[in-house]
Amino acid sequence: MTTSDSLFARSKKVSPGGVHSPVRAFKGVGGTPRFMTGGAGAYIRDVDGREIVDYCMAFGPLILGHGNAAVKKAAIEAIERGWSLGTAEPYSLALAEFITARIPWVESIRFVTSGTEAVMSALRVARGATKRDVILKFDGCYHGHADSMLIRSGSGLAEATEPDSAGIDKGTLGGTLVAPLDDEDALNAIFAKRGGEIAAVIIEPLPANYGLLPQRLEFLKHVAALCRKHGALLILDEVISGFRLGFTGAAGLYGIEPDLVTYGKVIGGGFPVGAYGGKREYMELVAPVGPVYQAGTLSANPVAMCAGLAALEQLADGNVYAQLERLGVELEQQLGAIPGLTVQRVGSLFWPLLVANAAPLRSLPDLKAKAGKPFGPVFHKLLDAGIYLAPSAFEVGFLSAAHTSAHVAQLATELRNALTAAT
Ligand code: PMP
């Protein structure tokens with residue numbers, strides 16, 4: 001019995017499945033989740049003191065690697081001043097000014113504590129603004145676990161069958177329409193029938209919760225155009241892509257301006273932060289100015305705000321993104337040369353898929369048509385070799401500024417070995 005085995009056995013007695021978020025339980029790969037105690041740079045440390053190269057990076061927030069010095073300093077200084085105030089304070093102001101000065105479509109921003117909360121709030125604003133009820137989402141896009149979004153989503157649910165969750169009333173789900181990705185005709189048909197009822201279309205501009213499914217730019221532009229035509233708001237969910245594909249996220253990369261945008265992960269430097277923002281006319285509908293209520297005891301927590309600003313300050317000049325793109329290209333070339341493997345990549349996000357020559361995959365039907373090798377054995381072989389990928393075939397990998405060419409070369413070697421062993 002390993003140390004993780006015994007901790008997991010104890011943990012299962014006191015928490016559902018022994019974890020506090022489902023994908024951490026290794027259901028997608030089998031075996032016992034490895035208990036981790038800390039991390040430094042590109043490495044995460046397990047409970048037995050083993051240093052493992054981390055490509056999960058806390059599922060995205062740690063774009064600068066574990067233990068970034070400036071983020072750590074900012075957080076410690078904030079703790080020394082006082083870690084929760086429940087008042088107006090200058091720290092969220094500094095972060096809000098930093099962001100609104102650099103992202104033109106974010107004229108106003110509200111900080112919350114998770115991506116889920118950001119999405120839930122943005123949807124409420126959209127309903128309040130349009131006085132319509134229906135939200136359109138896409139098959140395979142995950143937007144957190146707000147009731148109305150738990151339908152045909154991804155992430156920990158990527159392997160589940162419908163419905164995504166028990167405990168959601170039919171009325172709520174009745175207000176959510178689901179369209180396939182990469183399919184203009186299907187979208188046109190939905191809008192032709194229901195266009196006048198749709199408050200908002202929400203999309204991950206780079207879907208990254210059911211593998212990585214980069215969309216055609218024309219498709220994204222079509223989504224935006226249909227929203228304009230029918231008076232629906234366009235919400236880009238940039239919880240993963242925001243401040244990762246560039247400071248201005250996927251919106252900036254693809255040149256698509258949202259009405260509202262949601263952030264999480266990188267924005268908090270690894271602390272619990274989410275945010276929603278957008279055009280002033282919509283954000284001024286939020287309480288206390290307007291009639292859309294949204295609040296939070298721990299919203300804009302000073303430690304998280306200072307950590308987030310310290311992270312974003314290191315990203316704003318774009319050098320980190322250029323470095324990550326170079327490393328991403330190396331990764332794509334080296335993993336792409338492995339027989340029996342397809343890699344889809346955008347910037348520092350990558351998805352190794354255990355199927356030969358499958359690219360480009362853009363939608364769930366594309367994906368379901370491919371029968372790959374089982375991911376579990378490959379995942380465990382890599383872990384034995386000192387490499388940690390997210391524990392599911394449908395989670396993407398995250399490069400950080402702490403990863404190097406040597407790490408990527410090692411990943412390619414070990415992945416090749418693991419695939420050979422699995423044949
Ligand atoms: N939206 C997207 C695109 C996400 O990837 C996630 C989380 N992976 C969420 C929303 C929910 O964020 P959180 O887990 O912080 O609630």
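Counting starts at 1 for both ligands and their atoms, in listed order. Only this structure's heavy atoms are used, side chains among them; waters, hydrogens and symmetry mates stay out. Positions are given from 1 along the sequence. Owing to the predicted nature of the structure, the values given are computational and were not obtained by experimental measurement.
- Using modelled atom types, one side-chain atom of Lys137 and one backbone atom of Ile151 make a donor-acceptor pair closer than 3.5 Å.
- Under a 4.0 Å criterion applied to the non-hydrogen atoms of Gly115, ligand 1 contributes the atoms 11 (C), 12 (O), 13 (P), 15 (O), 16 (O).
- Proximity to Asp237 (heavy-atom distance under 4.0 Å) selects the following atoms of ligand 1: 1 (N), 2 (C), 3 (C), 10 (C).
- In terms of polar-atom proximity, defined here as any N/O pair under 3.5 Å, Lys265 does make such a contact with ligand 1.
- Judged purely by atom type and a 3.5 angstrom limit, Ser11 uses its side chain to pair as donor or acceptor with the backbone of Gly18.
- Ring pair Phe98/Phe247 is perpendicular by interplanar angle, where above 60° counts as perpendicular and below 30° as parallel.
- For ligand 1, the atoms lying closer than 4.0 Å to a non-hydrogen atom of Ile240 are 5 (O).
- Close approach of ligand 1 to Ser114 (heavy-atom distance below 4.0 Å) involves ligand atoms 15 (O), 16 (O).
- In terms of heavy atoms, Ile240 sits closest to Lys265 at CG1-CE, 3.7 Å.
- In this pair, His403 and Tyr55 present their aromatic rings parallel. The plane angle is below 30°, not in the 30 to 60° band.
- Side-chain atoms of Asp237 and Cys141, non-hydrogen and from C-beta on, never get closer than 4.5 Å to each other.
- Contact annotation: for Glu238 versus ligand 1, there are no heavy atoms closer than 4.0 Å.
- Taking every heavy atom of Glu204 and a limit of under 4.0 angstrom, the matching atoms of ligand 1 come to 3 (C).
- Considering backbone and side-chain atoms alike, Asn209 places an N or O below 3.5 Å from some N or O of ligand 1.
- Near His143, meaning under 4.0 Å from any of its heavy atoms, are these atoms of ligand 1: 1 (N), 10 (C).
- Counting the atoms of ligand 1 from 1 in the order shown, those under 4.0 Å from a heavy atom of Gly144 are 9 (C), 10 (C), 11 (C).
- At least one heavy atom of Tyr142 lies less than 4.0 angstrom from ligand 1.
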